[in-house]
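Heads up, the thing below is written out as structure tokens.
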Amino acid sequence: MHLSKLDELDPFTTLDGSTIREIAGPAWTPARNQSLAEATVPVGGRTIAHYHRTTEELYFFTAGSGRMTLGDEEREVTAGDCVVIPPGQVHELVNTGEGPLVLLCCCAPAYSHEDTVLVEGQASDG
């Protein structure tokens with residue numbers, strides 16, 4: 001049995017600019033078809049607009065508040081909300097709250113830098 005402990009995981013920064021701690025994924029756990037990470041966007045921070053060629057993502061927000069842009073649609077997000085992000089769909093996240101915006105991100109297939117495409121000039125005005 002593989003058991004990950006969030007408090008023991010080292011954070012790293014993804015291509016979109018969010019800081020994550022990978023809870024499970026093929027790089028270091030028995031998971032083969034998906035990955036799960038906790039991502040944090042600091043107060044006033046944002047991710048870079050991007051999409052994934054093949055990966056479907058689920059964002060489940062656990063703390064804070066922000067604005068999620070998915071394609072042409074924008075929505076406010078808070079703890080308890082879940083956003084489904086299809087492959088190929090441009091998306092970004094802005095922390096509009098007074099504390100860190102924290103979410104669980106599930107990717108299938110698993111997250112990889114190679115599958116991430118940054119989109120220039122797509123960022124919203126915050």
Audit row: Leu9, Ile23, side-chain contact (heavy atoms from CB on, under 4.5 Å) steps and yes/no: CA-CA 8 Å; Leu9 301 175; Ile23 300 163; 4.2 Å; yes
Salt bridge (charged side-chain N to carboxylate O under 4.0 Å, His left out) pairs, two or more places apart, involving residues 2-13: none
Sorted by chain and number, sequence neighbours left out, side chain to side chain donor-acceptor pair (under 3.5 Å) with Thr14 holds for Asp16, Ser18
Which residue pairs pass the side chain to side chain donor-acceptor pair (under 3.5 Å) test when at least one of the two sits in residues 26-36, sequence neighbours left out? Glu22-Trp28
Scan for side chain to side chain donor-acceptor pair (under 3.5 Å) pairs involving residues 97-111, sequence neighbours excluded, and state none if there are none. Tyr111-His113
Would you say the side-chain atoms of Glu57 and His52 include a donor-acceptor pair closer than 3.5 Å? yes
Does either side chain, that of Ser4 or that of His2, offer a donor lying less than 3.5 Å from an acceptor on the other one? yes
Could you walk me through whether Leu93 and Leu103 pass side-chain contact (heavy atoms from CB on, under 4.5 Å), step by step? CA-CA 11 Å; Leu93 187 57; Leu103 59 138; 3.6 Å; yes
Could you go through the side-chain contact (heavy atoms from CB on, under 4.5 Å) check for His50 and Glu92 one step at a time? CA-CA 7 Å; His50 65 285; Glu92 75 170 322; 5.6 Å; no
Qualifying residues under side-chain contact (heavy atoms from CB on, under 4.5 Å), relative to Pro87, sequence neighbours excluded: Glu56
side-chain contact (heavy atoms from CB on, under 4.5 Å) partners for Asp81, two or more places apart: Phe61, Val77, Thr78
Rounded to the nearest 0.5 Å, how far apart are CG of Leu6 and CG of Leu36? 9.5 Å
Rounded to the nearest 0.5 Å, what's the gap from CD on Glu76 to CZ on Arg67? Could you check? 6.5 Å
Relative to the ring of His91, is the ring of Tyr59 parallel (under 30°), tilted (30 to 60°) or perpendicular (over 60°)? perpendicular
Taking every heavy atom of Leu101 against every heavy atom of Gly64, the minimum-distance pair comes out as CD1-C, 3.8 Å
